[in-house]
Amino acid sequence: MAVAAILESAYFLQLNLKAAIKEDADWHNRFMPLSQLIMEMVINISLVRVIKQVIDEDGSVRDSASSALKRARDQVQLLEKKLSQLIDSLIRNEMKETSFLEVSNVDGRWCINSGTGQLTSFKGLLLSSDSGTGRIIEPLSAVPLNDELQQARASVAKAEADVLLMLTEKMKRDLDDIEKVSDSVIQLDVINARATYSLFFRGASPSLYLSEELDESFSTETYLSENETSMAPFPKEREWLLYMPKAYHPLILQQHRQNVQKAKKEASNAADVSALEQARPVPVDFFISHKTRVLTITGPNTGGKTICLKTVGLASLMAKSGLHVLSSDSVEIPWFDSVFADIGDEQSLSQSLSTFSGHLKQIGDIRSQSTSQSLVLLDEVGAGTNPLEGAALGMSLLESFADSGALLTIATTHHGELKSLKYSNDAFENACMEFDEVNLKPTYKILWGVPGRSNAINISEKLGLPGVIISNARELHGAARAEINEVIIDMERFKQDSQELLYEARNHLMLSKTLHEKLKLARRKIKEHGTEQRYRKMRQISEALAMARSILYKKVRQLRAHATQTFHPTADQKQLSTSDSQFTAEAKNGRPTESTSTSAVKINKQPSAAMTEFPEVGDMVQVSSLGRKATVLRVDRSKEEILVQAGNMKLKLKLAEIGFK
């Protein structure tokens, strides 16, 4: 049933992907390489159907699996029914007020359990006798039926084995494909688990790079400076070896979310739940320059130094495993080939190792196994022995890692001498965990470029230790070291002020970017609105112009028709034909001219069809030679010609060449 479930799940997954690709072919490329992994699975769905037909949901073989199994199980049920009736009748015949008899089953055989010392009238085989449980007797009349029942059950077991063997043979033929499908489903499940985890914690996708890219970026800068020619772009020089802003330890963040969910489930006070949600773990910023090979972190106990080590180590492994890193965006992590850690107490009684010896053995193994692409995490380096010797040994170890050791080594320490390595070797960098001296508790924030300082005397003073002891301790501690601590205090304050200004500048930069995007959007909308307004005005002007032209054409036709009726002479119902020039002169003078009156006037008793009616400007006429309609632009009555426009063409035609009504 487990095999059937895996094959069926893979089958439906393949069907869903095929359906998605059928609707949109781009889905195949979007899911690559997962789409290829899913489509390459070979699934024998007929095997799933056979398994479901033969095996029930609870894993038992169905009665319908084979006829032999059905007959054997029916025989078992029949024999059990007969035995039940037989045993019940025997018990009823033996029941007395003081008797105690009950049905018992021993190794699949039906028996009767009677009290100790109680006599029975039926004969049987005594299987066992005990003062506590009584006597178990198999009646002689039930022995043949019990034997038949055992044989029937054996037949059932054989029939079931035959069915399972048949399924096994079918699965053997597809065993390779089943194993491949199982491996693919496991791989997909792991990918889904990684994605679910990353989405749940809203992590950032890390930018992984090989350590060789650092060397390439250095050579690129040199090449461009030497040649000073315009060439194809080279890889940009990396500013950071490790860049993780606002990084969280995954287990601490998970614990916080579990506490919030537990508080909500227990229906606690809303104010308490809100306060718990606001009390999020403190994120840590990691900005390690590409020139740094050893980072030394100092600070008080329980200040968060070890958590910083574990956060970096887990983030590196999570990135290599395909998980999102619990940090802000723009995470850059080198591809470490291995992550070595010496964290915690390595005391071993079986190997006769003290804490100090255990640390040294572990660090020795790390030193021999680490490469130039490894990450090394050392907690409390040089601790567990004389402070002077421990500091000297710690300095030597860190210098060894910086010269020819790992790609990055991060070490925590209380030894002040290790802080000075930065000022003699550019491969070292200092950082310290911030401490709130007002509230006497760590803030769990890391300060970069600042060596940590001792707070024991100041804390003791604020905790109420007598002033004499404090003064004496400061004298023993030394004035020079006190001055160094003052310098460190000033550096911490300067660093805090710089960080605040940096955060403020980033905030203003984000606001300015947002405002810039809004201004660009507003500008684009204004341009689009202006273009739309111009097009709308042009359409309105075009529509108004067309309407005015139509009105003018109509007015012209009306005026000409009115002029024709007013100035066209008629006598004795005879039509007089005059030239256009004479008619125009009469229209201008308002009366017939002398030349017109004395000129020869021809009376057309039978006028031609072409002269009976002239089209007016703006009328539509049919041009027979073109087979289409045209608009009249001008009419020359004297020549019986008109100027028309058909599309982009202007033609001068005779009246006989057009059709007009």
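Residue indices begin at 1 and follow the sequence shown.
Considering only heavy atoms from C-beta on, V185 stays 4.5 Å or farther from L13 through its side chain. No side-chain heavy atom of V282 sits less than 4.5 Å from a side-chain heavy atom of T443. Side-chain contact check for R293 versus F401: every heavy-atom pair is 4.5 Å or farther apart. Contact check for V284 versus I307: no side-chain heavy atoms found under the 4.5 Å cut-off. At a threshold of 4.5 Å between non-hydrogen side-chain atoms, the residues L317 and F336 do not count as touching. For the pair L326 and Y197, the minimum side-chain heavy-atom distance is below 4.5 Å. The side-chain heavy atoms of L241 and T292, taken from C-beta on, include no pair separated by under 4.5 Å. Using a 4.5 Å heavy-atom threshold, the side chains of I178 and L47 count as touching.
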Please determine whether side chain to side chain contact (heavy atoms under 4.5 Å, CB included) holds for the pair R62 and V54, giving the CA-CA distance in whole Å, both sets of side-chain angles, and the decisive distance to 0.1 Å. CA-CA 6 Å; R62 296 179 184 268; V54 172; over 6 Å; no
Let me see the working for K305 and E380 under side chain to side chain contact (heavy atoms under 4.5 Å, CB included), right down to the final yes or no. CA-CA 9 Å; K305 300 189 301 298; E380 298 295 346; 3.7 Å; yes
Side chain to side chain contact (heavy atoms under 4.5 Å, CB included) between I112 and I87: does it pass, once the steps are laid out? CA-CA 7 Å; I112 296 177; I87 297 299; 3.9 Å; yes
Starting from the C-alpha separation in whole Å, work towards a yes-or-no answer on ring pair (Phe, Tyr, Trp, His ring centres under 6.0 Å) for Y243 and F287. CA-CA 5 Å; Y243 184 85; F287 308 131; 5.1 Å; yes
Going through the checks in order, is the side-chain hydrogen bond (donor to acceptor under 3.5 Å, both in side chains) test met by N259 and Q255? CA-CA 6 Å; N259 293 337; Q255 183 65 41; 3.1 Å; yes
When you look at L69 and V156, which way does the side chain to side chain contact (heavy atoms under 4.5 Å, CB included) test go after all the steps? CA-CA 6 Å; L69 178 61; V156 169; 3.9 Å; yes
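Heavy atoms of other residues, nucleotides or ligands lying less than 6.0 angstrom from CG of D107 number 12 at most. No more than 12 heavy-atom neighbours from other residues, nucleotides or ligands sit within 6.0 angstrom of CE on M510. For E57, the CD atom is loosely surrounded, since the number of other residues' heavy atoms within 6.0 Å does not exceed 12. Within 6.0 Å of the NZ atom in K82, the count of heavy atoms belonging to other residues, nucleotides or ligands does not exceed 12.
Shortest non-hydrogen contact noted between Y248 and P281 is CE2-O, 3.2 Å. The shortest heavy-atom contact between L398 and A411 is CD2-CB, 3.8 Å. The minimum heavy-atom distance between V339 and G313, with the atom names listed, is CG1-CA, 4.4 Å. A159 and A68 make their closest contact through CB-C, 4.2 Å (heavy atoms, listed as atom of the first residue, atom of the second, distance). For the residue pair H28 and M32, the shortest heavy atom distance occurs at O-CG, 3.0 Å. Nearest heavy-atom pair across R194 and S321 is CD-O, 2.8 Å.
Taken to the nearest 0.5 Å, the CG atom of L15 stands 11.5 Å off from the CD1 atom of I38. C308 SG to L377 CG: the interatomic distance, rounded to the nearest 0.5 Å, is 11.0 Å. Of the inter-residue distances, the one linking E332 atom CD with L208 atom CG reads 10.5 Å to the nearest 0.5 angstrom. A distance of 4.5 Å separates CD1 in I43 from CD in Q14, rounded to the nearest 0.5 Å. To the nearest 0.5 Å, atom CD of residue E169 and atom NZ of residue K172 are 5.0 Å apart. Note that the OG atom of S67 and the CZ atom of R71 stand 4.5 Å from one another [nearest 0.5 Å].
Exactly one residue among T413, T412, T409 makes a side-chain contact (heavy atoms from CB on, under 4.5 Å) with L378. That residue is T409. The only option from R153, Q85, Q75 that meets the side-chain hydrogen bond (donor to acceptor under 3.5 Å, both in side chains) definition with E80 turns out to be R153.
A side-chain donor-acceptor contact under 3.5 Å links T371 to the backbone of Q373. A donor-acceptor contact shorter than 3.5 Å is absent between the side chain of N507 and the backbone of Y503. Looking only at distances, a side-chain donor or acceptor of Q150 sits under 3.5 Å from a matching main-chain atom of G108. A donor-acceptor pair under 3.5 Å is absent between the side-chain atoms of D56 and the main chain of V61, judged by distance alone.
Judged by distance alone, the side chains of D162 and S66 never bring a donor and an acceptor atom under 3.5 Å apart.
Salt-bridge check for D63 with K70: failed, with every basic side-chain N at 4.0 Å or more from each acidic carboxylate O. For the pair K361 and D365, the salt-bridge criterion is met [side-chain N within less than 4.0 Å of a carboxylate O].
Classified by interplanar angle (parallel below 30°, tilted 30° to 60°, perpendicular above 60°), the ring pair W27/F31 is parallel.
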